[in-house]
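The next block holds one structure in the form of structure tokens; read it before the comments.
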Amino acid sequence: MTYAQNETFAILDKFLLMQAKTGAGGGKSQEEVIEETSKQILAKVPQPIDIVDLMERHPVLYEESMNTVLQQEVILYNTLLSLIHRSLNDLLKALKGLVVMSDALERMSTSVFNNSVPDMWANKAYPSLKPLGSWVADLLQRLEFINGWNKSGIPSVFWISGFFFPQAFITGALQNYARQTSISIDTIGFDYRVVPVTEVIKEKPKAGCYVSGFFVEGARWCHDTHVLTESRPKELFTDMPIIQLIPAADRVQPTTGIYICPVYKTLTRAGTLSTTGHSTNFVMPLELPSDKPPDHWIKRAVALICALDY
């Protein structure tokens, strides 16, 4: 099914490239569509977050590594937001003939017309396979998460899909526990607990964190037996319940009853090694309860995904 979808999308992308650039039969021209879409995006996407105010609210503290994580995330988002506003304003000026339409702006205009994310934005953004409309909606949702954290304090549940760099968040959770207990961070690992959907979370745990935003590909979570189970027919992805990450020193990994599930940012499941030593796509391995041997799920390529392609 996934192969058939990819083939269909590839064919549709080729059709888009063959569209006429001038309006026909009373329809809008390419320039009119680009101008309208650009203005809509500019109206939706907010200005960069006030980093000075954020640093006053969440200063760098030895006992709270999450403040540092938030500051780093906001710096990355601000870079992206500034680029979006600057490039869209330049594009609108170029369409009116006020500035030269450079090669970069020409490629950007084509992307906007084809509902794809411009390369100049993608190069400064987080990994994503979404089309432009969904990408903008996802960006607004991410900013809502970050702004809520900034104004209301550390959330009880972290939406992992909202992070530019989720590996830093994971390290921050370990670092908090290491500093609280004066234990070397190299000896600390995570226990994992899938939170029942009937359990109401009102506050953050004393150690570790609650994480949401995962999607399961190749299987689904059974709310009755609390283990991984087979996907339903024609169901490619399902929501994963909230997972609690519990730090533990000198932890011994169980040898049975679990599936070590890889977590990826996108469905591509491929990335490169960045300068930080982390993958640009792989996030972490995560242990999920299972009543079947690991090979059963490996053959089905079961993984957790932070963001889908729609």
Side-chain angles (χ1 to χ4, degrees), residues 66 69 138 141-142 144-146 148-149 152-163 166-167 169-174 176-177 180-181 188-249 251-267 282-298 300-308 310:
M66 290 303 168
V69 173
D138 178 61
Q141 191 174 1
R142 288 167 175 262
E144 183 181 356
F145 165 67
I146 294 295
W149 184 351
S152 304
I154 297 175
S156 55
V157 180
F158 289 93
W159 183 47
I160 197 166
S161 303
F163 286 99
Q167 293 95 331
F169 159 71
I170 300 299
T171 302
L174 291 173
N176 273 348
Y177 182 77
Q180 290 171 6
T181 58
I188 301 173
F190 280 123
D191 275 326
Y192 305 91
R193 183 177 78 93
V194 180
V195 179
V197 293
T198 55
E199 183 176 327
V200 179
I201 299 173
K202 297 182 178 180
E203 58 183 15
K204 62 178 183 178
K206 294 181 180 179
C209 55
Y210 293 107
V211 177
S212 66
F214 294 117
F215 300 92
V216 190
E217 182 181 19
R220 65 183 176 90
W221 180 256
C222 182
H223 297 288
D224 297 325
T225 59
H226 302 288
V227 295
L228 281 177
T229 190
E230 300 292 347
S231 298
R232 297 184 181 92
K234 299 183 180 180
E235 189 175 59
L236 298 180
F237 315 104
T238 56
D239 293 337
M240 186 71 192
I242 294 172
I243 297 176
Q244 183 179 4
L245 307 184
I246 309 169
R251 178 179 178 273
V252 179
Q253 187 179 76
T255 56
T256 58
I258 63 165
Y259 167 60
I260 303 176
C261 185
V263 179
Y264 297 96
K265 295 179 184 178
T266 69
L267 290 167
F282 177 75
V283 179
M284 63 183 295
L286 197 151
E287 299 167 10
L288 295 178
S290 170
D291 56 3
K292 295 180 174 63
D295 287 349
H296 180 85
W297 303 117
I298 292 173
R300 286 157 178 75
V302 175
L304 292 179
I305 310 296
C306 294
L308 303 179
Y310 55 85

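Residues take their numbers from the sequence shown, with the count starting at 1. These values consider heavy atoms only, across backbone and side chains, with no hydrogens, waters or symmetry-generated copies. Because the structure is a prediction, the values reported are computed rather than measured.
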| note | Scanning both residues in full, the closest heavy-atom pair of Q167 with F282 reads NE2-O, 2.9 Å

| message | As a test of understanding, state which of V216, V302, I243 forms a side-chain contact (heavy atoms from CB on, under 4.5 Å) with L288. | response |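 Among V216, V302, I243, the one that satisfies the side-chain contact (heavy atoms from CB on, under 4.5 Å) with L288 is I243.
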
| said: Can you confirm whether more than 12 heavy atoms, excluding those of E144, are under 6.0 Å from its CD atom? | reply: no

Heavy-atom side-chain proximity of [X] to [Y] below 4.5 angstrom:
X	Y	result
T229	R220	yes
W159	Q141	yes
M66	N176	yes
W297	E230	yes
P289	V194	yes
V195	P241	no
Q244	I201	no
P155	F145	yes

| query | Which side-chain hydrogen bond (donor to acceptor under 3.5 Å, both in side chains) pairs, counting each pair once, include a residue from residues 199-213, with sequence neighbours left out? | reply | R193-E199

| request: Please state whether the rings of H226 and W221 are parallel, tilted or perpendicular, taking 30° and 60° as the class boundaries. | output: tilted

| task | For F214, enumerate each residue passing the ring-ring contact (aromatic ring centres under 6.0 Å, His included) test, keeping only those at least two apart in sequence or located in another chain. | result | none

| query | How about F237 and F215: are their ring centres within less than 6.0 Å of each other? | reply |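 When the ring centroids of F237 and F215 are compared, they turn out to be at least 6.0 Å apart.
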
